[in-house]
Amino acid sequence: MLRVLVCVSGGGTNLQALIDGVENGRIRNAEIVRVISNNRNAYALTRADAHGIEGICVSPGDFRDRAAFYDAFLQAVDEALPDLIVLAGFLVVIPVKMIEKYRNRILNIHPSLIPSFCGTGFYGLKVHEKALERGVRVTGATVHFVDEGTDTGPILLQKAVKVEPGDTPQILQRRVMEEAEWELLAEAVDLFAQGSVVVEDGRAVIVR
Ligand code: GAR
């Protein structure tokens, strides 16, 4: 069984997609062993609790400085003995030490087709605001491995989603979640759990 740790900051619909995927067999040979939130009030923690998954909060506000927060966060990560870490709407910059330790074992879901609308400052609703401002006809979602840059790691899966006339950032966000994110994330974890993903020369390759 692949031990999956999920890091969250907010509502946790992507976490829910993973929980559902494990429960309904879409994701095989994997269990979610812990959920870590940087935000005590994240609804994602309630979702974890409702499914008997340990949810813990490691909040920057509870520590004297960033280094102390990162130490506690990394300890909470290590304790879970994860084979795979999924950033499912996690809005904390991952410490370099953790990236080095878990290289090619950290996946992130981003709500655009990378390299569009990504990088510093592009998260959550802002991504969709920028996509609508630019007037793109197609957007989507990307699952990628995490490296030292922001949204620069090897791309594993992408799916396009149409922008429709009259879309607001909220409407577009919901469509991207429903049509792309939840599906892609479950598929990515399943592929990883099947041992079907390798990273070669900085690119993710799917071997089926
Ligand atoms: C999702 O749309 C996810 O792609 C995005 O935050 C949202 C979290 O929703 N992540 C980023 O923007 C990362 N750069 P959720 O808490 O309902 O899963």
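Both counts, for ligands and for their atoms, begin at 1 and track the order of listing. These numbers come from the heavy atoms of this one structure, side chains and all, not from hydrogens, waters or symmetry mates.
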Within-cut-off N or O pair, [X] and ligand 1, under 3.5 Å:
X      : answer
Tyr123 : no
Asp151 : no
Gln173 : no

Give the residue and atom name of whichever protein heavy atom lies nearest to [atom], and the separation in Å to one decimal.
atom                    : result
atom 8 (C) of ligand 1  : Gly89 CA, 3.6 Å
atom 16 (O) of ligand 1 : Gly12 N, 2.7 Å
atom 14 (N) of ligand 1 : His110 ND1, 3.2 Å
atom 1 (C) of ligand 1  : Glu181 OE1, 3.2 Å
atom 9 (O) of ligand 1  : Met177 CE, 3.4 Å
atom 11 (C) of ligand 1 : Pro111 CD, 3.6 Å
atom 12 (O) of ligand 1 : Gly124 N, 2.8 Å
atom 10 (N) of ligand 1 : Ile109 O, 3.7 Å

*Classify the side-chain pair Asn38/Ser9 by whether it contains a donor and acceptor separated by less than 3.5 Å.*
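Result is yes, a qualifying pair exists.
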*Would Asp78 and Tyr102 count as having a side-chain donor-acceptor pair, cut-off 3.5 Å?*
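Tyr102 and Asp78 do have a side-chain donor-acceptor pair below 3.5 Å.
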*Could you tell me if the ring centre of Phe90 sits under 6.0 Å from that of Phe73?*
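For Phe90 and Phe73, the ring centres are under 6.0 Å apart.
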_According to side chain to side chain donor-acceptor pair (under 3.5 Å), does anything in residues 19-30 pair up with another residue at least two apart or in another chain? List the pairs._
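Matches after skipping sequence neighbours: Gln16-Asp20, Glu23-His51, Arg28-Asp190.
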*How would you list all residue pairs meeting side chain to side chain donor-acceptor pair (under 3.5 Å) that involve residues 162-179, not counting sequence neighbours?*
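Residue pairs passing side chain to side chain donor-acceptor pair (under 3.5 Å), neighbours aside: Asp167-Arg175, Arg174-Glu178.
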Let me confirm one number: the [atom1]-[atom2] distance from [X] to [Y], rounded to the nearest 0.5 Å.
X      : Y      : atom1 : atom2 : value
Leu15  : Leu45  : CG    : CG    : 9.0 Å
Ser116 : Lys130 : OG    : NZ    : 14.0 Å
Ile56  : Arg40  : CD1   : CZ    : 11.0 Å

*So is Arg47 actually on top of Tyr43's ring, under 6.0 Å and inside 45° of the axis?*
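No, Arg47 and Tyr43 do not form such a contact.
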*Could you list which atoms of ligand 1 come closer than 4.0 Å to a heavy atom of Gly11?*
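Here the atoms of ligand 1 in question are 16 (O).
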*asked:* Is the contact between Phe122 and ligand 1 made by the side chain, the backbone, both, or neither, using heavy atoms and a 4.0 Å cut-off?
replied: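 The answer is the backbone.
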